[in-house]
Asks: 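Below is a structure I'd like to ask you about.
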Amino acid sequence: MELSEALARTSINRLTEFASLSDVLEPDIIQSCLASNGVATLRKRKLPMDAMIWAVIGMSLFRTESVRQLINKLDIVLPQDVDYVARSAVTQARKKLGSAVVRDVFHLSAKTWHERAEHPHWCGLNLFGVDGVVWRTPDSQENSDEFARTANKASEAGYPQVRMVCLMELSSHLILDSAFDSVCESEMNLAAELTTRLPDNSLTLFDKDFYSLGLLHDWQQKGTNTHWLLPLKKNVQYEEIKSLGRHDKFIRLTTTPQARKKRPELPLTLEARLLTKQIKGKEVRILTSMLDPMAYPAAEIVDLYGHRWEIEMGYREMKQHLLASRFTLRSNLPELIRQELWGVLLAYNLIRYKMVLMAKSLKSVFPNQLSFRDASSHIIHKLTLMPIYAPGNVPGFILEIEKNASQFKLEGKRERSYPRTLKESKNSYPVAKSKNAAHLK
């Protein structure tokens, strides 16, 4: 029995035994996305379109295996006189599926899983993070034309690259939305696309490089009680309006004519709150839209920024653990690269939501306190065994995964043993080290 069929029978026929339908990717989500994009899923085909969704997910879950091998592993091929599937047939099926269907499946499942996860709050706000990451694509003319390459004065990157920006819930690492394009596109523009799915009552943590009054204004205006927080860049000019304390001030920032030209609704000035704190002997200045000092205490706001590193850990989990450090994507065509990237995000969310359920089975444990490497290996192993189980046994089989949650609990996060430093830029010419240079130190 194929994996998708087993999951479908589980969610349809075993409701009394399998109370939480969010444990799996519901077939209704897949079918609705196929229908909305006009993609037929005829069951007489050897590679039906609904099964190909699982093939795209499997490309990330089983990164070390070829697409044909994982199709056989997941038992996706329908019974035929000949079970062999040519490589060209898989490519044609992926082209027919397209990237829009996988994108819509990701968005619907992400919204569903986020609403069911019951994330922890800080002062009534969910914590989110926004940051960028770059993916490497195979070296081909089509990819170079579509995605471009990074370059400097000395050389050009050996591979075309895709720039991606994600919106991630920080306690669970669930990705709520993503935008990606050619590496020549700026992270600021990609981040602006994420405002359409921004949840109400949320606080988003940005890196200082996302400082743009136009972006921050849009972020705050797109929803109800949608706040932002980021470090203040050096040399930013501002006017102090009111002092709430020695390290807590209301300030006024002036927008530029160029920014107002791009965004006619952008006001001449924006008000924000500036907080400062000494951390390890260094002054940290945090800018935020949370103006109410009673609702959002200053003593806790600066410390919140430390949670932004969770999104970078999420990217590491995707690249190093989920994709086994195989940094170049599989697909050779731009449209299939987009499809593969949506599949990576979908596979990552699928595992991460299982970890949300694992954390719920433990007391006072958040999903980001579980080892992704160990939990993902366990979950993927269990998924490979699912086709051999009868549909009636699948509910208990899936719930059994959660019983092992305690063995994946991390004992505590280690602090950095060395400070973060900027690396020296590469020089085009070799630099000889003088034996007599010691006196220059």
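Numbers here simply count residues along the sequence, with the first being 1.
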Asks: Would you check, one step at a time, whether the test side chain to side chain donor-acceptor pair (under 3.5 Å) holds for Q237 with T254?
Replies: CA-CA 8 Å; Q237 301 297 317; T254 303; over 6 Å; no
Asks: Please check this pair: side chain of Y211 against backbone of V236, looking for a donor-acceptor N/O pair closer than 3.5 Å.
Replies: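 No.
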Asks: Any non-hydrogen side-chain atom of R197 less than 4.5 Å from a side-chain atom of K111?
Replies: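 They are not in side-chain contact.
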Asks: What pair of heavy atoms forms the shortest contact from A179 to E193, and how long is it?
Replies: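 Minimum heavy-atom contact is CB-OE1, 3.5 Å.
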Asks: Does any N or O in the side chain of R352 come within less than 3.5 Å of the main-chain N or O of P367, such that one atom is a donor and the other an acceptor?
Replies: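 Indeed, once roles are kept as given, a pair shorter than 3.5 Å links the two residues.
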Asks: A side-chain contact here means heavy atoms from C-beta on lying under 4.5 Å apart; do K319 and W135 qualify?
Replies: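 K319 vs W135: side chains touch.
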Asks: Compute whether any side-chain donor of one residue and acceptor of the other, for H173 and E317, lie under 3.5 angstrom apart.
Replies: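 Side chains of H173 and E317: pair found under 3.5 Å.
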Asks: How far does CG of L345 sit from CZ of R103, to the nearest 0.5 angstrom?
Replies: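 Those atoms lie 13.0 Å apart.
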Asks: Is any side-chain heavy atom of Q258 closer than 4.5 Å to one of K261?
Replies: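 K261 does not reach Q258 side chain to side chain.
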Asks: Between F372 and Y348, is the ring centre distance below 6.0 Å?
Replies: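 Between Y348 and F372, which both carry aromatic rings, the centre distance is below 6.0 Å.
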Asks: Measure across N143 and L333 and return the closest heavy-atom pair with its distance rounded to 0.1 Å.
Replies: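 Closest heavy-atom pair between N143 and L333: OD1-C, 3.8 Å.
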Asks: Working to the nearest 0.5 Å, report the span between CG of L291 and CZ of R273.
Replies: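 It is 7.5 Å, given to the nearest 0.5 Å.
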Asks: Got a donor-acceptor contact below 3.5 angstrom from the N126 side chain to the P120 backbone?
Replies: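 It does hold such a pair.
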Asks: So, the side chain of Q369 versus the backbone of L410: is there a donor-acceptor pair under 3.5 Å, distance only?
Replies: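 The answer is no, because no donor-acceptor pair under 3.5 Å joins these two groups.
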Asks: How long is the gap from CG on L176 to OG on S202, to the nearest 0.5 Å?
Replies: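 Going from the CG atom of L176 to the OG atom of S202 covers 9.5 Å.
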Asks: Would you check, one step at a time, whether the test side chain to side chain contact (heavy atoms under 4.5 Å, CB included) holds for T328 with D139?
Replies: CA-CA 9 Å; T328 303; D139 185 8; over 6 Å; no
Asks: Could you tell me which non-hydrogen atom of A117 sits nearest to which non-hydrogen atom of V356, and how far apart they are?
Replies: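 Nearest pair, atom of A117 first, then V356: CB-CG1, 4.0 Å.
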Asks: Is there a donor-acceptor pair closer than 3.5 Å between any side-chain N or O of N37 and the backbone N or O of V39?
Replies: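 Absent.
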Asks: Would you find a donor on one side and an acceptor on the other, under 3.5 Å apart, between the side chain of E340 and the backbone of L329?
Replies: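 Side chain of E340 to backbone of L329: no pair is present.
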Asks: Specify the closest pair of heavy atoms between L336 and R94, including all atoms of both residues, with the distance to one decimal.
Replies: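 Looking at all heavy atoms of both residues, the closest pair is O-NH2, 3.1 Å.
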Asks: Should the pair H107 and W342 be assigned to parallel (<30°), tilted (30 to 60°) or perpendicular (>60°) ring geometry?
Replies: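 Perpendicular: the ring planes of H107 and W342 meet at over 60°.
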Asks: Report yes if the side chains of L230 and L216 come closer than 4.5 Å at any heavy-atom pair, otherwise no.
Replies: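 Side-chain contact under 4.5 Å: yes.
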Asks: Specify the closest pair of heavy atoms between V101 and C33, including all atoms of both residues, with the distance to one decimal.
Replies: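 Shortest heavy-atom contact: O-CB, 4.0 Å.
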Asks: Under the criterion side chain to side chain donor-acceptor pair (under 3.5 Å), I'd like the reasoning laid out for R285 against T276: C-alpha separation, chi angles, the key distance, then a yes or no.
Replies: CA-CA 4 Å; R285 298 192 301 170; T276 60; over 6 Å; no
Asks: Can any side-chain N or O of T255 pair as donor or acceptor with the backbone N or O of L268 at less than 3.5 Å?
Replies: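 Confirmed, T255 side chain pairs with L268 backbone.
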Asks: I'd like to check S178 versus L341 (side-chain heavy atoms, cut-off strictly below 4.5 Å). Are they in contact?
Replies: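 The answer is no; the side chains never approach within 4.5 Å.
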Asks: Looking at K360, I want to see if its NZ is surrounded by more than 12 non-hydrogen atoms of other residues, nucleotides or ligands under 6.0 Å.
Replies: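 Yes, enclosed.
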Asks: More than 12 heavy atoms of other residues, nucleotides or ligands under 6.0 Å from CZ of F366: is that the case?
Replies: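 Result for CZ/F366: open.
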Asks: How long is the straight-line distance from OG of S325 back to CZ of R63, given to the nearest 0.5 Å?
Replies: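 The CZ atom of R63 sits 10.5 Å away from the OG atom of S325.
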Asks: Would L370 and K409 count as a side chain to side chain contact (heavy atoms under 4.5 Å, CB included) here? Give the steps.
Replies: CA-CA 4 Å; L370 300 179; K409 184 179 177 182; 4.3 Å; yes
Asks: Give, for atom NZ of K95 and atom CD of Q339, the distance between the pair rounded to the nearest 0.5 Å.
Replies: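 Going from NZ on K95 over to CD on Q339, the span is 11.5 Å.
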Asks: So Y296 and H227, would you call those rings parallel, tilted or perpendicular, with 30° and 60° as cut-offs?
Replies: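 It falls in the perpendicular class, over 60°.
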Asks: Kindly compute the distance separating CG (L274) from CZ (F250), expressed to the nearest 0.5 Å.
Replies: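 One gets 11.5 Å once the value is rounded to the nearest 0.5 Å.
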Asks: Atom NZ of residue position K249 - does it have more than 12 heavy atoms of other residues, nucleotides or ligands inside 6.0 Å?
Replies: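 Yes, the 6.0 Å shell around NZ holds more than 12 heavy atoms from other groups.
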Asks: List the steps and the verdict of side chain to side chain contact (heavy atoms under 4.5 Å, CB included) for E335 and E146.
Replies: CA-CA 10 Å; E335 176 65 7; E146 186 74 15; over 6 Å; no
Asks: Less than 4.5 Å apart, any side-chain heavy atom of C123 and any of M290?
Replies: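 With C-beta onward as the side chain, the pair stays apart.
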Asks: Indicate the ring-plane relationship of F206 and W219, choosing parallel, tilted or perpendicular according to the 30° and 60° boundaries.
Replies: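 Perpendicular, since the angle between the ring planes exceeds 60°.
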Asks: Side chains of D218 and E265: does their closest heavy-atom pair fall under 4.5 Å?
Replies: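 Yes, close enough: below the 4.5 Å cut-off.
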Asks: I30 versus W54: any side-chain heavy-atom pair under 4.5 Å?
Replies: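 Side-chain contact under 4.5 Å: yes.
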Asks: What verdict does the side chain to side chain contact (heavy atoms under 4.5 Å, CB included) test give for I311 and L205, after you've listed the backbone C-alpha separation in whole Å, the side-chain angles of each residue and the deciding distance to 0.1 Å?
Replies: CA-CA 10 Å; I311 189 170; L205 312 181; over 6 Å; no
Asks: Tell me, with the steps shown, if E271 and T269 meet side chain to side chain donor-acceptor pair (under 3.5 Å).
Replies: CA-CA 7 Å; E271 292 186 4; T269 61; over 6 Å; no
Asks: Nearest heavy-atom pair of Q220 and T226: which atoms, and what distance?
Replies: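 Closest approach of Q220 to T226: O-OG1, 3.2 Å.
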Asks: Using a 3.5 Å distance criterion without hydrogens, assess whether the side chain of T137 forms a donor-acceptor pair with backbone atoms of P160.
Replies: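 Present.
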Asks: With distance as the sole test, does R149 use its side chain to make a donor-acceptor pair with the main-chain N or O of G158 at under 3.5 Å?
Replies: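 Here the side-chain-to-backbone pair exists.
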Asks: Without swapping roles, check the side chain of D177 against the backbone of L167 for a donor-acceptor pair under 3.5 Å.
Replies: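 No, the answer is negative, given that no donor and acceptor are paired below the 3.5 Å cut-off.
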